[in-house]
Amino acid sequence: MANIVWHHTTITKEDRRARNGHHSAVLWFTGLSGSGKSTLANAVSKKLFELGVQNYVLDGDNIRHGLNKDLGFSAEDRTENIRRIGEVAKLFVDSGQFVLTAFISPFERDRQLVRQLLEADEFIEIYVKCPLEECEKRDPKGLYKKARNGEIREFTGIDSPYEEPSSPELIVETHLYSLEECVNQVIAYLRHHQRIKGEK
Ligand SMILES: Nc1ncnc2c1ncn2[C@@H]1O[C@H](COP(=O)(O)OS(=O)(=O)O)[C@@H](OP(=O)(O)O)[C@H]1O
Ligand SMILES: Nc1ncnc2c1ncn2[C@@H]1O[C@H](COP(=O)(O)OP(=O)(O)O)[C@@H](O)[C@H]1O
């Protein structure tokens, strides 16, 4: 970028991690609308909070009301949505915290670009897997019904694609396991890979 010089901060990411007593990373939840991304991200956030792990949830609906309110659901806008969220997530990692992101993020390439923004141990892709039929049955916001009626266009899974992650760190199947079991699977992953302390 012309005439813009990166300013190095006095307090480093390592300083902040040392103060917090834990690693920092992105937990990137991806999946269809209604698969359980928000529910799961918030439940994992609560569990991490109880364990004394600094964390914050970035959620699709909320970000689209503020930072990304200029973006719609065309492929280009979804790509820009994920690019900005990736940059924000990186700032959270730099601040020494865990950041849990709950976005459909339907394109493999966009998720890969976010992964490349971060160090290898800072990006944990969690595929929140649930069959379309089940998501449609849940329809927590009534959006699938609208999409089927033609009231919403370019709806993921109906007339806009979802590309399954090719090699996620974790797959959580919300139609097979309870919310509590899914939370435990995420926490177990973090402990097993020494991202947080504790036994499992
Ligand atoms: N056309 C269309 N397709 C998909 N989703 C739609 C659409 N229109 C509105 N919504 C609502 O917006 C939420 C998805 O926003 P995201 O930012 O996660 O989408 S994306 O990652 O840019 O694809 C999504 O939220 P979740 O249900 O939490 O996934 C929907 O509530
Ligand atoms: N194991 C599970 N994990 C997460 N959500 C689940 C699970 N089982 C059922 N659900 C339900 O599925 C719905 C998921 O909605 P939501 O979290 O808004 O999905 P998304 O953010 O992916 O659109 C909620 O009504 C939630 O109670």
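Note that these values count all heavy atoms, side chains included, but never hydrogens, waters or copies made by symmetry. Just follow the structure's listing: the first ligand is 1, and inside any ligand the first atom is 1.
Among all non-hydrogen protein atoms, the one lying nearest atom 1 (N) of ligand 2 is Tyr177 O, 2.8 Å. Protein heavy atom in closest approach to atom 13 (C) of ligand 2: Arg138 CD, 3.9 Å. Here the protein heavy atom with the shortest distance to atom 21 (O) of ligand 1 is Ser105 N, 2.8 Å. Protein heavy atom at the shortest distance from atom 2 (C) of ligand 1 is Phe155 CD1, 3.4 Å. Of all protein heavy atoms, the one closest to atom 23 (O) of ligand 1 is Arg78 NH1, 2.8 Å. Looking from atom 20 (S) of ligand 1 to the surrounding protein, the closest heavy atom is Asn81 ND2, 3.7 Å. Of the protein's heavy atoms, Thr39 OG1, 3.8 Å lies nearest to atom 24 (C) of ligand 2. Protein heavy atom nearest atom 10 (N) of ligand 1, with residue, atom name and distance: Phe73 CZ, 3.4 Å. Asp61 OD1, 3.7 Å is the protein heavy atom nearest to atom 13 (C) of ligand 1. At the shortest separation from atom 25 (O) of ligand 1 among protein heavy atoms lies Lys141 NZ, 3.2 Å. When hydrogens are left out, the protein atom nearest atom 23 (O) of ligand 2 is Gly34 N, 2.7 Å; that is the closest non-hydrogen contact. Ranking the protein heavy atoms by distance from atom 25 (O) of ligand 2 puts Pro140 CB, 4.3 Å first. Annotation: atom 2 (C) of ligand 2 to nearest protein heavy atom, Thr174 CB, 3.6 Å. Looking at atom 5 (N) of ligand 1, its nearest protein heavy atom turns out to be Ile104 CD1, 3.6 Å.
Glu169 has its side chain out of reach of His193: every pair of non-hydrogen atoms, C-beta onward, lies at least 4.5 Å apart. Glu154 places none of its side-chain heavy atoms less than 4.5 Å from the side chain of Asp77. Here the side chains of Lys37 and Ile104 are in contact, with some heavy-atom distance below 4.5 Å. Glu133 places none of its side-chain heavy atoms less than 4.5 Å from the side chain of Glu136.
Note on ligand 2: Ser178 sits in its first shell, one or more heavy atoms being nearer than 4.0 Å. At least one heavy atom of Cys182 sits under 4.0 Å from some atom of ligand 2. Remark: distances from the non-hydrogen atoms of Ser160 to ligand 1 are all 4.0 Å or more. Within the structure, ligand 2 has Leu32 among the residues with a heavy atom less than 4.0 angstrom away.
Close contacts of ligand 1 with Lys37, meaning ligand atoms under 4.0 Å from a residue heavy atom, involve 29 (O). Proximity to Ser33 (heavy-atom distance under 4.0 Å) selects the following atoms of ligand 2: 23 (O). Short contacts between ligand 1 and Pro106, defined as distances under 4.0 Å to a heavy atom of the residue, involve ligand atoms 21 (O), 23 (O). Which parts of ligand 1 touch Phe103 is read off a 4.0 Å heavy-atom cut-off, strictly below it: atoms 17 (O), 18 (O), 21 (O). Listed by number with element, the atoms of ligand 1 under 4.0 Å from a non-hydrogen atom of Ser33 are 26 (P), 27 (O), 29 (O). For ligand 1 and Leu143, the ligand atoms under 4.0 Å from any heavy atom of the residue are 11 (C), 30 (C), 31 (O). Interface of Glu154 with ligand 1, defined as ligand atoms under 4.0 Å from a residue heavy atom, comprises 1 (N), 2 (C), 3 (N). Close approach of ligand 1 to Arg153 is summarised as follows: ligand atoms under 4.0 Å from at least one heavy atom of the residue are 1 (N). Atoms of ligand 1 found under 4.0 Å from any heavy atom of Ile82, numbered from 1 in the order shown, are 21 (O).
Within 6.0 Å of the CD atom in Glu14, the count of heavy atoms belonging to other residues, nucleotides or ligands exceeds 12.
The shortest N or O to N or O distance between Leu179 and ligand 2 is under 3.5 Å. For ligand 2, one of its N or O atoms has an N or O atom of Ser35 under 3.5 Å away. Considering backbone and side-chain N/O atoms, Leu40 never comes within less than 3.5 Å of an N/O atom of ligand 2. Checking only distances, Gly36 does come within under 3.5 Å of ligand 2, N or O to N or O.
In this structure, Leu113 CG and Arg83 CZ are separated by 10.0 Å, a value rounded to the nearest 0.5 Å. To the nearest 0.5 Å, atom CD of residue Gln54 and atom CZ of residue Arg17 are 13.5 Å apart. Note that the CG atom of Asn42 and the CG atom of Leu100 stand 8.5 Å from one another [nearest 0.5 Å].
Note: the hydrophobic cluster containing Val114 does not contain Phe107 (ILVMFWY, side chain heavy atoms under 4.5 Å, direct or indirect links). Under the 4.5 Å side-chain heavy-atom criterion for Ile, Leu, Val, Met, Phe, Trp and Tyr, Phe98 and Leu170 are members of the same hydrophobic cluster.
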Exercise. For Arg78 and Glu163, run salt bridge (Lys or Arg N to Asp or Glu O under 4.0 Å): C-alpha distance rounded to whole Å, both residues' side-chain angles, the deciding distance at 0.1 Å, then the answer.
Key: CA-CA 13 Å; Arg78 288 180 200 254; Glu163 298 170 3; over 6 Å; no
Practice problem: Start with the C-alpha distance between Glu87 and Lys90, add both sets of side-chain angles, then the distance that settles salt bridge (Lys or Arg N to Asp or Glu O under 4.0 Å), and finish with yes or no. | Solution: CA-CA 5 Å; Glu87 294 287 352; Lys90 187 181 162 84; over 6 Å; no
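Residues Tyr127 and Ser35 bring no donor and acceptor atom of their side chains to less than 3.5 Å of each other. Counting only N and O atoms by type, the side chains of Gln97 and Ser95 include a donor and acceptor under 3.5 Å apart.
Note on Arg84 versus Asp70: salt bridge recorded, some NZ/NE/NH1/NH2 to OD/OE distance being below 4.0 Å. Salt-bridge formation is detected for the pair Lys13/Glu122: a Lys NZ or Arg NE/NH1/NH2 atom is positioned less than 4.0 Å from an Asp or Glu carboxylate oxygen. A salt bridge between Lys46 and Glu50 is present, with a side-chain N of the basic residue lying under 4.0 Å from a carboxylate O of the acidic one.
Using a 30° and 60° split on the angle between ring planes, Tyr144 and Phe155 fall in the perpendicular class, above 60°.
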